[in-house]
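All remarks here apply to the structure that follows.
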Amino acid sequence: MQINILFSHISIVGMLLLLLSGCDRPPSANEQKDSFIAMGTLVEIDLYDVKNNEQARLLDLAHKDFDYLDYALHPWRAGSLGRVNQMMTAAGEFSANPVIIPILQQAQTLSRQSDGLFNPAIGHMIRLWGFQNDELPKGPPPEDSKIKQLLAQKPSMQDFVIKGVRIANNNEHVRFDLGAIGKGYAVEKVAEHLRTLGVTNALIGAAGDIKAIGRHGDRPWKIGIQHPRNKTAFASIQLQNNEAVSTSGDYERFYDYNGKRYNHILDPRTGYPANHTASVTVIHTNAATADAAATALFIAGPKLWPKIAKQMGITDVLFIGIDAKIALSPGMRDRIHFETESAPAFEVTPLP
Amino acid sequence: MTLADRIVLLFAAALIIGLYVTLWSRHDAGTMVRIKSNQQLVNTVSLNDSQEIHIAGALGDSIIEIKDHQVRFRSSPCNNKTCILHGWMHQAGEVMACLPNQVIVEVLGDNKKFDAISF
């Protein structure tokens, strides 16, 4: 009798173990992730389902692309854009390195669509504030008279004409600083390059600018969105193939001086940091467009952002005001997932 | 059913639950820490081993602290101290860099909550 009971107990344990084995974990993925510092920020590249003997070469090529674009797009060093900025000191026509032409053309279009809120022609103003350096300025902020002086020069992305590789400049005060589009542009170019090399599943990110190729195995890529006032990801979205997400926030680069915060996103209408917004997240198929739009909507503020989003072709927007109020475009409402225990209060703002 | 029988069954059930939690459940806690400096891998250590690691960077030494299955920049020669203000990390996939000192700290693990963070 005792033996029978023992057998029955062993059988029960055995069956439970068999039941457990049915809940098999998914096989370990062939995933390779690398991170490095380029363009003054942290770059992360995630390759999924790429042959082991190809991973290192692809990551190295992507790294080299970022380094080259860092050289090409830096506004003041002796690279392609630095040379263009030298030539912009006088009105007239000159030849530019061809690598710089597509991004300047795209920036012109995006600037026009944003009613000039995205304005990479204010390089002098950005330099005056000291935000072009990798190392953050400590203050004090620039003198108001100097800011007003630069504003009066009215540098605009419509002050020059591009014909082929020739740039005809009509405003000697234009200096390009592509900080609000450069990382997104680089992410887009690296994604394009990886696709041509046969990569079908990857995630390329430079700080807030992230682009998806394909999927993460049997699911889309999942991106956390950082809350502007604590360092947790309070929400998430799934990126479909060829989609990009970009976030601009007042917490990314800033300094405090005499109890006041000065963030790095300058309003080209005032010459001072835009101070009505805490963060903006947008989704678009082009990472450079998403990058520029996030900046433009940040500057636009709580009243103007729907109009600017519409003009820039952006449908998915998460806008958090300086008062911490959350607004979602209808497109973003349908795809955002809040990671907090209870969803925060938000309002849905239709685009015009 | 005797008391001994009940104890055996209780133990078996506890064993099954314990095995499920440790082996099958999807948790996002990291297991390892990877540290890079000046674009080179310099150390990969367990998140379970509490210790302080001195990493030579572009400006000087960053001190990385691992404690209670978390990791953080404890000190850094950079000016703005953004890396220190970031605080502790423990989730698989979390990454923090001290850009001026060119030091990157990543939390590794199988079950990431997110593939990347947009910030």
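To find a chain, count down the sequence lines: A is the first, B the second, and so on, and within it residues start at 1.
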query: So what's closer than 4.5 Å to chain B heavy atoms on L203(A): side chain, backbone, both or neither?
result: side chain
- prompt: What distance separates S236(A) OG from K113(B) NZ, expressed to the nearest 0.5 Å?
  reply: 8.5 Å
message: Using heavy-atom distances under 4.5 Å, tell me whether H63(A) contacts chain B through its side chain, its backbone, both, or neither.
response: side chain
- prompt: Side chains of Q226(A) and S118(B): do they bring a donor and an acceptor to under 3.5 Å?
  reply: no
field: Region of S248(A) that comes under 4.5 Å of a non-hydrogen atom in chain B
entry: neither
query: Does the K36(B) side chain pair with the main chain of F36(A), one donor and one acceptor, at a distance under 3.5 Å?
result: no
- request: Please report the closest heavy-atom contact between I223(A) and F114(B), naming both atoms and the distance.
  value: C-CD2, 4.1 Å
task: Before giving the answer on side chain to side chain contact (heavy atoms under 4.5 Å, CB included), spell out for K112(B) and D46(A) the whole-Å C-alpha distance, their side-chain angles and the decisive distance to 0.1 Å.
output: CA-CA 12 Å; K112(B) 296 178 294 182; D46(A) 204 333; 3.1 Å; yes
query: Residue by residue, which of residues 79-89 of chain B have a heavy atom closer than 4.5 Å to a heavy atom belonging to chain A?
result: N79(B), N80(B), L85(B), H86(B)
Region of P137(A) that comes under 4.5 Å of a non-hydrogen atom in chain B: neither
Region of K33(A) that comes under 4.5 Å of a non-hydrogen atom in chain B: both
query: Of the non-hydrogen atoms in F119(B) and Y251(A), which two are nearest, and what is the gap between them?
result: C-OH, 3.6 Å
- request: Measure I117(B) against the heavy atoms of chain A and call it side chain, backbone, both or neither at under 4.5 Å.
  value: both
- prompt: Which of the residues L239(A), I210(A), T281(A) is involved in the greatest number of heavy-atom pairs with chain B at under 4.5 angstrom?
  reply: I210(A)
field: Charged N-O contact under 4.0 Å between D115(B) and R219(A)
entry: yes
- prompt: What are the two closest heavy atoms between L42(A) and L99(B), and how far apart are they?
  reply: N-CD2, 3.9 Å
message: Determine whether a donor-acceptor pair (N or O, by modelled atom type, separation under 3.5 Å) exists between the side chain of Q39(B) and the backbone of I37(A).
response: yes
